[in-house]
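Some notes on the structure that comes next.
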Amino acid sequence: MIYLKTDEEIELMRESNLLVGMTLGEMAKWIVPGITTLKLDKIAEEFIRDNGAIPGFLGYAGYPNTLCISVNEVIVHGIPNSYALREGDVVSIDCGVVKNGFNGDSAYTFCVGEVAPEVEQLLKTTKESLYLGIEHAVEGKRIGDIGHAVQTYCEARGYSVVRELCGHGVGKKLHEEPNVPNYGRPGTGPLLKNGMCIAIEPMINLGSRNIVIERDGWTTRTRDRKPSAHFEHTVAIKGGKADILSSFEYIEQVLGEKSI
Ligand code: MF3
Ligand code: CO
């Protein structure tokens with residue numbers, strides 16, 4: 001069952017997602033060589049609570065932290081720990097909050113200092129593919145149109161698309177219907193309608209698409225241990241068009257000319 005949101009509910013979703021964007025903006029200030037991923041998690045949790053919300057991932061299906069922090073070959077769902085970031089790492093930070101009963105959900109992959117040019121290009125392409133997917137998140141198109149746009153763009157550039165993990169509907173629950181794969185055929189899948197809110201989150205690998213889930217049950221990495229990138233926006237379909245509810249503006253304000 002796909003829950004359609006009213007305009008008022010979409011505004012509440014925007015509030016939640018704005019706080020996610022601000023939290024990611026805070027993270028951008030702290031991402032430097034030497035900081036541990038657990039320290040980033042604690043800063044984010046405090047920031048979210050200070051802003052009158054609760055972390056959306058903490059306790060979700062038993063997830064132990066506020067953020068998913070996924071370094072280099074970790075695709076998604078990295079659990080914050082004592083690892084200290086190093087120059088040249090790429091780090092996906094995925095953040096969720098619940099505010100006024102609605103979830104916000106967004107992710108960005110950051111560079112720690114200078115990274116290898118081929119890895120920076122992977123990040124750029126993944127981010128571009130997210131926006132290409134969003135262009136199809138309009139009334140009358142179908143879920144498969146979004147995935148097709150992401151897949152064709154990334155594969156044409158020699159990257160691979162993770163299949164086992166997808167975007168999703170989002171609202172009062174973090175994961176609602178429909179599933180939003182990052183691959184697909186045009187004109188297939190659920191029809192997009194006004195009031196739908198979906199998280200679109202391409203997970204794109206430099207090497208092969210194969211994944212391994214570590215024994216902790218969460219950490220998901222590439223089988224070949226080559227790097228992976230992940231960008232996510234929550235998007236509402238409103239007035240026939242895509243309305244991006246989350247925001248990278250706070251991040252990119254902090255990163256300035258270092259933005260990818
Ligand atoms: N953005 C991710 C997702 O939508 C994060 C979920 S982590 C979890 O799947 F712990 F909350 F599951
Ligand atoms: Co998500």
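For ligands, and for the atoms within them, numbers begin at 1 and follow the listed sequence. These figures come from a predicted structure and were not determined experimentally.
- When hydrogens are left out, the protein atom nearest atom 12 (F) of ligand 1 is Y60 CD2, 3.4 Å; that is the closest non-hydrogen contact.
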Query raised in the report: Should E252 and Y108 be marked as a side-chain hydrogen bond (donor to acceptor under 3.5 Å, both in side chains) after you check the CA-CA gap, both sets of side-chain angles, and the distance that decides it?
Result: CA-CA 11 Å; E252 291 178 348; Y108 195 94; 2.8 Å; yes
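- Using a 4.0 Å cut-off to heavy atoms of L174, the atoms of ligand 1 that qualify are 11 (F).
- Listed by first and then second residue, the ring pair (Phe, Tyr, Trp, His ring centres under 6.0 Å) pairs that reach into residues 126-166 are Y131-H233, sequence neighbours excluded.
- For E201, the N, O or S atom with the smallest separation from the Co ion (ligand 2) is OE2.
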Query raised in the report: What's the verdict on salt bridge (Lys or Arg N to Asp or Glu O under 4.0 Å) for K42 and E46, showing C-alpha distance, side-chain angles and the deciding distance?
Result: CA-CA 6 Å; K42 292 300 157 218; E46 194 179 325; over 6 Å; no
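- Each of the following atoms of ligand 1 lies closer than 4.0 Å to a heavy atom of C68: 7 (S).
- Side-chain contact of N205 with T222: a donor-acceptor pair under 3.5 Å is absent, judged by distance alone.
- For ligand 1, the atoms sitting less than 4.0 Å from at least one non-hydrogen atom of Y63 are 10 (F), numbered in the order shown with element in parentheses.
- Sorting the N, O or S atoms of D105 by how far they are from the Co ion (ligand 2) puts OD2 first.
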Using distance only, find each side-chain donor-acceptor pair of residues 162-173 under 3.5 Å and give its atom names and separation, not counting sequence neighbours.
from: H168; atom 1: ND1; to: L174; atom 2: O; distance (Å): 2.9
from: H168; atom 1: NE2; to: D105; atom 2: OD2; distance (Å): 3.0
from: H168; atom 1: NE2; to: E201; atom 2: OE2; distance (Å): 3.1

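- Between the Co ion (ligand 2) and the N, O or S atoms of E232, the shortest distance is to OE2.
- Note: an N/O pair closer than 3.5 Å links H168 and ligand 1 by distance alone.
- Ring centers of Y60 and H175: under 6.0 Å apart, within the cut-off.
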Report task. Go through the steps for R14 and E11 under the test salt bridge (Lys or Arg N to Asp or Glu O under 4.0 Å), then give the verdict. Result -> CA-CA 5 Å; R14 195 186 312 279; E11 291 318 304; 2.9 Å; yes
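- From the protein, the heavy atom lying nearest to atom 1 (N) of ligand 1 is D94 OD2, 2.6 Å.
- Scanning all protein heavy atoms for the shortest distance to atom 9 (O) of ligand 1 gives H175 NE2, 2.9 Å.
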Query raised in the report: Under the salt bridge (Lys or Arg N to Asp or Glu O under 4.0 Å) criterion, do E15 and K99 qualify, and how do the steps go?
Result: CA-CA 8 Å; E15 240 194 83; K99 195 175 179 184; 3.3 Å; yes
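- Heavy-atom contacts of W218 reach the following atoms of ligand 1: 10 (F), 12 (F) (cutoff under 4.0 Å).
- Here H168 reaches the Co ion (ligand 2): one of its N/O/S atoms is less than 2.8 Å from the metal.
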